[in-house]
Amino acid sequence: QVQLVESGGGSVQAGGSLRLSCAVSGADADAYCLAWFRQAPGKEREGVATIYRDSGNTYYADSVKGRFAISQDNAKITLYLQMNSLKSEDTANYYCAAAAVWAIGRRGRRLSPTDYNYWGQGTQVTVSS
């Protein structure tokens with residue numbers, strides 16, 4: 001059973017930075033695609049970034065490209081999301097998610113929440129202008 005636990009959320013002023021972490025357990029190191037999603041009140045869950053654990057290939061939503069970076073540690077235990085140049089519209093609850101590559105394949109942006117069947121509880125990010 002895959003378990004995901006996010007941390008690192010908080011409040012920051014516009015233009016600032018935050019780094020989110022997601023502790024990953026129960027997932028064979030190379031057999032999963034991991035992602036960060038976010039959901040603001042009254043809005044649909046939005047894919048932010050994905051990473052394929054075996055290749056390290058990454059994909060980003062246009063809204064965060066050039067500002068956010070998804071990465072994993074060498075032991076593939078922790079997933080990160082470095083967020084720079086934060087804007088008020090980045091305010092949301094951020095979730096990490098996992099999907100087995102045998103189910104979704106090893107290609108594609110995979111920014112749709114329907115591709116993922118394992119989710120963390122979320123961590124709140126608030127950006128004030």
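Atom set for the values below is all heavy atoms of this structure, side chains included, hydrogens, waters and symmetry mates excluded. Here the structure is a predicted model, which is why all the values come from computation and not from measurement.
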Visitor: Are side-chain heavy atoms of Thr58 and Thr50 found at a separation under 4.5 Å?
Guide: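 Side chain of Thr58 against side chain of Thr50, heavy atoms only: no contact under 4.5 Å found.
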Visitor: For residues 108-129, which residue pairs qualify under ring-ring contact (aromatic ring centres under 6.0 Å, His included), counting only residues two or more places apart or in two chains?
Guide: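 Checked against ring-ring contact (aromatic ring centres under 6.0 Å, His included) - neighbours excluded - the pairs reaching residues 108-129 are Phe37-Tyr116, Phe37-Trp119.
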Visitor: Could you name each residue pair satisfying disulfide (SG to SG under 2.5 Å) that touches residues 90-129, not counting sequence neighbours?
Guide: Cys22-Cys96
Visitor: Which residues pass the side chain to side chain contact (heavy atoms under 4.5 Å, CB included) test with Asp62, not counting sequence neighbours?
Guide: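 Asp62 satisfies side chain to side chain contact (heavy atoms under 4.5 Å, CB included) with Lys65, Arg109 only.
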Visitor: Would you please name every residue forming a side chain to side chain donor-acceptor pair (under 3.5 Å) with Gln39, sequence neighbours left out?
Guide: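 Expected list: Arg45.
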Visitor: Can you sort out the partners of Arg67 under salt bridge (Lys or Arg N to Asp or Glu O under 4.0 Å), two or more places apart, ordered by chain and number?
Guide: Asp90
Visitor: Cut-off 3.5 Å, no hydrogens considered: what does the side-chain donor-acceptor table look like for residues 122-129, sequence neighbours left out?
Guide:
unit_1 : atom_1 : unit_2 : atom_2 : d
Thr123 : OG1    : Gly9   : N      : 3.1
Gln124 : NE2    : Ala92  : O      : 3.4

Visitor: Side chains of Arg53 and Leu34: does their closest heavy-atom pair fall under 4.5 Å?
Guide: yes
Visitor: Sequence neighbours left out, what pairs pass disulfide (SG to SG under 2.5 Å) with at least one residue falling in residues 31-69?
Guide: none
Visitor: With side-chain contact (heavy atoms from CB on, under 4.5 Å) as the criterion, how do Glu6 and Leu20 come out once you've worked through the C-alpha distance, each side chain's angles and the decisive distance to 0.1 Å?
Guide: CA-CA 7 Å; Glu6 303 95 336; Leu20 305 182; over 6 Å; no
Visitor: Please list all pairs passing the ring-ring contact (aromatic ring centres under 6.0 Å, His included) test where one or both residues lie in residues 61-103, with sequence neighbours left out.
Guide: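 Passing the test, one end in residues 61-103: no pairs.
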Visitor: Does a side-chain heavy-atom distance below 4.5 Å link Ile51 with Gln72?
Guide: yes
Visitor: Please find the pair of heavy atoms, one from Leu4 and one from Ala98, that lie closest to each other, and give the distance.
Guide: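 Between these two residues, the closest heavy atoms are CD1-N, 3.8 Å.
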Visitor: Ignoring hydrogens, what is the shortest heavy-atom contact between Leu18 and Val12? Give both atom names and the distance.
Guide: CD1-CG1, 4.1 Å
Visitor: Apply side-chain contact (heavy atoms from CB on, under 4.5 Å) to the pair Tyr32 and Val24, showing each step before the final yes or no.
Guide: CA-CA 11 Å; Tyr32 284 81; Val24 182; over 6 Å; no
Visitor: Listing request: all side chain to side chain donor-acceptor pair (under 3.5 Å) pairs with a residue in residues 9-25, at least two apart in sequence or in separate chains.
Guide: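 Those involving residues 9-25 are Ser17-Asn84.
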Visitor: Taking only residues at least two apart or on different chains, which pairs with a member in residues 42-61 satisfy ring-ring contact (aromatic ring centres under 6.0 Å, His included)?
Guide: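 Those involving residues 42-61 do not exist here.
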Visitor: For Glu46, what residues pass the salt bridge (Lys or Arg N to Asp or Glu O under 4.0 Å) criterion, not counting sequence neighbours?
Guide: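 Only Arg38 meet the salt bridge (Lys or Arg N to Asp or Glu O under 4.0 Å) criterion with Glu46.
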Visitor: Kindly state each residue pair satisfying salt bridge (charged side-chain N to carboxylate O under 4.0 Å, His left out) with at least one member in residues 114-129, sequence neighbours excluded.
Guide: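 Of all non-adjacent pairs touching residues 114-129, those that pass salt bridge (charged side-chain N to carboxylate O under 4.0 Å, His left out) are Arg110-Asp115.
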Visitor: Out of curiosity, Leu79 CG to Ser71 OG, how far, rounded to the nearest 0.5 Å?
Guide: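 That separation rounds to 7.0 Å.
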